[in-house]
Visitor: 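Let me give you the structure first, and then I'll get to my questions.
Both counts, for ligands and for their atoms, begin at 1 and track the order of listing.
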Amino acid sequence: MTARNSLLHLTSAAAIGISLATLGSTAQAATEWDMPTPYGDMTFHTVNIREFADDVREATDGELDITVHSNGSLIGHAEIKNSVRRGIVPIGELIMSRLANENPIFEVDSVPYLASSYEDAQTLWEASREVIAEELAEQQLRLLFAVPWPPQGIYTNQAIESGDDLKNLSMRAYNTASERIAQLFGAVPTQVEVPDIPTAFSTGRVDAMITSPATGADTKAWDYLSHFNHAQLWLPKNMVIVSEKAFSRLDEATQEAVLDAAAEAETRGWEMSRQETDDALAVLEENGIEVSEPTPEFAERLQEVGKTMTEEWAGRAGDQGAEILEAYEAARD
Ligand code: PCA
């Protein structure tokens, strides 16, 4: 199911806190968790996370009640990770590559053409998951699950014949990789969060963007753009993290329910993402966006840029990066 075609789930602006539920004659404290997420209710990631919360609630008979606050409504994307780390909220979602400034291994999924199919993205995830989870564990954060966005492409207002067509465009970006690729094409990158995309275009702050068919459809890209180049650069992942402190306060059965629901959410999310790629491309076309593959000339430039960025990343990511690449190449052979 995509939320795009269904009624929006609207959450009330719930206050943060723990409420006491009285069950029968014994007063028992049900744990309530507020969970900030950066993307809107139409986004398949949000739909998947709400299902995760429902699964946990059901498996624990309401003992753990997770309220999802989507669209950056409780905490903005930039603050979600530190809010979980500081215990302001117990759990949250963010895009993994947002942590690239802490450690380049968090952006291994945003290196152009390193893994640009679902199959390769899955292999890369298997090769990188442990190192990434360990890195988070050092900050008392537990990685619960990660789900990729559909492959990233480029939205513009004219067909892209060659890389030169991107020169001087003001290009909306969301992580260091999307910034860097814009720079390498001579465009000017500007960081804009998804909820701010429509305003950024309507006020003329940006005139092109790098993102997925999913986010283009969710933000109604056809209102301000005409072309989508399905360049399939990379599949960046969102991850759900929980603070180890909050997790360790749960009893064993509840911990298990969370881990089981997380494993299911990961499997389901990858499936939803694949399906979303086809669905969202169709939505773009239905609404008049011209969808095309890169021309041979543009494809060649993209490959070159990908090679440059792979080298740059490997240089930054040191031994940990080399370990991931080695495991990835070995699994692909
Ligand atoms: N949507 C998010 C991240 C990648 C994607 O497809 C965004 O555009 O910010």
Visitor: Taking N or O atoms only and a 3.5 Å limit, does Trp149 qualify as a polar contact for ligand 1?
Guide: no
Visitor: For Glu193, which part has a heavy atom under 4.0 Å from ligand 1: side chain, backbone, both, or neither?
Guide: neither
Visitor: I need the nearest protein heavy-atom contact for atom 1 (N) of ligand 1: residue, atom name and distance, please.
Guide: Thr215 OG1, 2.7 Å
Visitor: Report, in ascending order of atom number, the atoms of ligand 1 lying under 4.0 Å from any heavy atom of Ile95.
Guide: 3 (C)
Visitor: Look only at interatomic distance and state if Arg172 has a nitrogen or oxygen under 3.5 Å from any nitrogen or oxygen of ligand 1.
Guide: yes
Visitor: With under 30° as parallel and over 60° as perpendicular, where do the rings of His45 and Tyr39 fit, or are they tilted in between?
Guide: tilted
Visitor: Is it true that atom CD of Glu329 has more than 12 heavy atoms of other residues, nucleotides or ligands lying nearer than 6.0 Å?
Guide: yes
Visitor: Just which atoms of ligand 1 are under 4.0 Å from any heavy atom in Ser212?
Guide: 5 (C), 6 (O)
Visitor: Is it true that Glu304 and Lys307 have a side-chain N and a carboxylate O under 4.0 angstrom from each other?
Guide: no
Visitor: Tell me yes or no: between the side chains of Asp109 and Trp125, is some donor less than 3.5 Å from an acceptor?
Guide: no
Visitor: Would you check, one step at a time, whether the test salt bridge (charged side-chain N to carboxylate O under 4.0 Å, His left out) holds for Arg316 with Glu107?
Guide: CA-CA 11 Å; Arg316 279 199 306 278; Glu107 62 172 352; 2.6 Å; yes
